[in-house]
Undergrad: 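Take this structure, written in C-alpha cells, and hold onto it; I'll ask about it next.
Start at 1 and go down the list; that is how both ligands and their atoms are numbered. Only heavy atoms go into these numbers, but all of them, side chains included; no hydrogens, no water, no symmetry mates. Computed from a prediction, not measured in an experiment: that's the story for all the values here.
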Amino acid sequence: KLSMREEEVETAIKVVVVGNGAAGKSSMIQRYCKGIFTKDYKKTIGVDFLERQIEVNAEDVRLMLWDTAGQEEFDAITKAYYRGAQACVLAFSITDMDSFDAITLWKKKVEDEVGQIAMVLVQNKMDLAASAVVSEESAEDLARRLRLKRFKTSVKDNYNVEDVFYYLA
Ligand code: GDP
Ligand code: MG
C-alpha cells in the first residue's frame, strides 16, 4: 500500500516457487508461512499464495509465496502465476534425478515470462541424504553454471528454509 508517510510504505515481494512435482514446494511454503509440515500433504493450498512478513535491514518486507496448484508440467502453469514475480525459488529433491535435470528448463521458463529476477537453487530433502541420487558435486556444478546461490534444505526438519527466503528478501 502506498502512502505519503514514509513509515507506512512497505515492501512486498512476489516470490514464485517452481520445480517438478514432489520436490517439496508446497511443503516449503506451508513450513515457512504456517510453521507446519505434514507428510501426506496432498492438495495445494487452494489460494494463490501464502504470505509472511519479516524484517530485513530494519525494513518490513512482506513476502508473498506463490504455489502452483500441482500443475507443474511446463505449459500448464498460467501467466498469472508468474506475473509481477520479483524473486524465484528453483527447487529440486535430492531423491529425484528428474527434478534436478529439469532445473535449467524451469529457470528458462521463468525468465521467458518475467526476465532476470533474483533466483536461488534449493536442494531439498537433505534429511534423505542417505538415499540421495543427486550428487553433491553435480548440484554444486549446476549452481556454478547457472550462477545461482544454492541452499541445502530439509523442509521436514526445518533446516535452512528461513535462510532461503531471507536471502531473497
Ligand atoms: P510439491 O509437489 O513440489 O509441492 O511437493 P510437496 O510439498 O507436495 O511434497 C511432496 C512430498 O515430499 C510430500 O510427501 C512431502 O511431505 C515430502 N517432503 C517435502 N519436503 C520434504 C523434506 O525436506 N524431506 C522429506 N523427507 N520429505 C519432504
Ligand atoms: Mg505442490
Side-chain angles (χ1 to χ4, degrees), residues 13-52 63-114 117-140 142-143 146 148-168:
I13 302 172
K14 174 174 176 175
V15 183
V16 290
V17 181
V18 301
N20 281 12
K25 303 180 299 297
S26 299
S27 302
M28 186 173 304
I29 293 169
Q30 297 271 326
R31 164 65 86 191
Y32 188 68
C33 296
K34 293 183 169 173
I36 57 167
F37 177 81
T38 48
K39 193 130 194 289
D40 22 55
Y41 175 72
K42 283 263 166 4
K43 198 73 204 136
T44 288
I45 32 202
V47 296
D48 293 333
F49 62 87
L50 290 180
E51 57 181 44
R52 178 169 161 185
L63 291 165
M64 294 170 291
L65 307 193
W66 284 59
D67 196 5
T68 59
Q71 356 106 305
E72 282 92 348
E73 310 126 77
F74 288 122
D75 294 316
I77 295 176
T78 61
K79 288 193 186 303
Y81 177 77
Y82 297 105
R83 192 173 300 130
Q86 293 146 294
C88 172
V89 171
L90 298 164
F92 70 94
S93 160
I94 58 167
T95 62
D96 177 359
M97 188 56 83
D98 287 345
S99 74
F100 177 70
D101 290 338
I103 289 294
T104 304
L105 286 169
W106 280 112
K107 181 167 181 284
K108 182 179 181 332
K109 178 79 179 165
V110 174
E111 288 176 346
D112 284 352
E113 295 291 341
V114 295
I117 56 173
M119 288 192 186
V120 288
L121 181 64
V122 168
Q123 175 176 345
N124 189 38
K125 307 199 186 182
M126 288 302 294
D127 57 289
L128 302 177
S131 46
V133 295
V134 178
S135 74
E136 195 44 36
E137 301 74 57
S138 50
E140 198 182 326
L142 181 69
L146 299 180
L148 294 169
K149 183 160 173 66
R150 178 174 63 118
F151 288 91
K152 294 187 255 186
T153 64
S154 167
V155 171
K156 185 179 178 199
D157 293 346
N158 201 14
Y159 170 71
N160 273 349
V161 175
E162 306 259 327
D163 308 54
V164 169
F165 296 104
Y166 186 83
Y167 173 82
L168 285 173

Undergrad: What part of Asn20 sits under 4.0 Å from ligand 1 if we count only heavy atoms: the side chain, the backbone, both or neither?
TA: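 The backbone, only.
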Undergrad: Any non-hydrogen atom of Val17 lying under 4.0 Å from ligand 1?
TA: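 Per 4.0 Å heavy-atom rule, Val17 does not contact ligand 1.
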Undergrad: Has ligand 1 got any nitrogen or oxygen that is less than 3.5 angstrom from a nitrogen or oxygen of Thr153?
TA: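 In fact, backbone or side chain, Thr153 has no N or O that close.
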Undergrad: Which atom names give the shortest non-hydrogen contact between Ala129 and Ile94, and what distance separates them?
TA: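 The pair with the smallest heavy-atom distance is CA-CD1, 3.7 Å.
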Undergrad: Identify, by atom number and element, the atoms of ligand 1 in contact range of Gly21, meaning under 4.0 Å from any of its heavy atoms.
TA: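 Matching atoms, with element in brackets: 2 (O).
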Undergrad: Of the non-hydrogen atoms in Ala102 and Asn20, which two are nearest, and what is the gap between them?
TA: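 Shortest heavy-atom contact: CB-OD1, 3.3 Å.
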Undergrad: Do any nitrogen or oxygen atoms of Gly24 come within less than 3.5 Å of a nitrogen or oxygen of ligand 1?
TA: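 For ligand 1, there is an N or O atom that lies under 3.5 Å from one belonging to Gly24.
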Undergrad: Measuring from Lys14:NZ to Tyr82:OH, what's the distance to the nearest 0.5 Å?
TA: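 The OH atom of Tyr82 is 10.0 Å from NZ of Lys14, to the nearest 0.5 Å.
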Undergrad: Should one rank Met126, Met28, Lys125 by closest heavy-atom distance to atom 17 (C) of ligand 1, which comes out on top?
TA: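 That would be Lys125.
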Undergrad: Looking only at distances, can you tell me whether any N or O atom of Ala23, backbone or side chain, sits closer than 3.5 Å to an N or O atom of ligand 1?
TA: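 Looking only at distances, the answer is yes, because the N/O contact criterion of under 3.5 Å is met.
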Undergrad: Decide, counting backbone as well as side-chain atoms, whether Ser27 has an N, O or S atom less than 2.8 Å from the Mg ion (ligand 2).
TA: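 For Ser27, the answer is no, given that no N, O or S atom comes within less than 2.8 Å of the Mg ion (ligand 2).
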Undergrad: Please list, in number order, the atoms of ligand 1 under 4.0 Å from a heavy atom of Ser154.
TA: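 It comes down to these atoms of ligand 1: 23 (O).
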Undergrad: When rounded to the nearest 0.5 angstrom, what distance separates CD in Glu72 from OG in Ser99?
TA: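 If I round to the nearest 0.5 Å, the distance is 11.0 Å.
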Undergrad: Which atoms of ligand 1 sit under 4.0 Å from any heavy atom of Thr38?
TA: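 Ligand 1 atoms under the 4.0 Å threshold to Thr38: 16 (O).
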Undergrad: Just by distance, do the side chain of Ser154 and the backbone of Tyr159 share a donor-acceptor pair under 3.5 Å?
TA: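 A pair under 3.5 Å: no.
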Undergrad: Ser27 heavy atoms, cut-off 4.0 Å: which ligand 1 atoms fall inside?
TA: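 Listed by number with element: 6 (P), 7 (O), 9 (O), 15 (C), 19 (C).
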Undergrad: For residues Ala139 and Phe92, report the shortest heavy-atom separation together with the two atoms involved.
TA: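 Heavy atoms of Ala139 and Phe92 come nearest at CB-CZ, 4.2 Å.
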Undergrad: Would you mind listing which atoms of ligand 1 come within a distance below 4.0 Å of any non-hydrogen atom of Glu72?
TA: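 Answer, ordered by atom number: 2 (O).
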Undergrad: Would you call the rings of Phe49 and Trp66 parallel, tilted or perpendicular, taking 30° and 60° as the class edges?
TA: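 Judged by the thresholds at 30° and 60°, the geometry between Phe49 and Trp66 is parallel.
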Undergrad: Is the backbone of Thr95 close enough, under 3.5 Å, to the side chain of Ser93 for a donor and an acceptor to pair up by distance?
TA: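 Side chain of Ser93 to backbone of Thr95: a pair is present.
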Undergrad: If we only consider heavy atoms of Phe37, is any one of them less than 4.0 Å away from an atom in ligand 1?
TA: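 Phe37: in contact with ligand 1 (<4.0 Å).
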Undergrad: What heavy-atom pair brings Cys88 and Ile117 nearest, and what distance separates the two atoms?
TA: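 That would be CB-CD1, 3.9 Å.
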Undergrad: Using the side chain to side chain contact (heavy atoms under 4.5 Å, CB included) rule, take Met126 and Thr153 through it: C-alpha gap first, then chi angles, then the decisive distance, then the call.
TA: CA-CA 6 Å; Met126 288 302 294; Thr153 64; 5.7 Å; no
Undergrad: Quick one: look at Asp127 and ligand 1, take heavy-atom pairs under 4.0 Å, and tell me if it's side chain, backbone, both or neither.
TA: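 It is the side chain that touches ligand 1; the backbone stays farther off.
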Undergrad: Just jot down the ligand 1 atoms closer than 4.0 angstrom to any heavy atom of Leu128, in number order.
TA: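 Atoms satisfying the 4.0 Å criterion: 26 (N).
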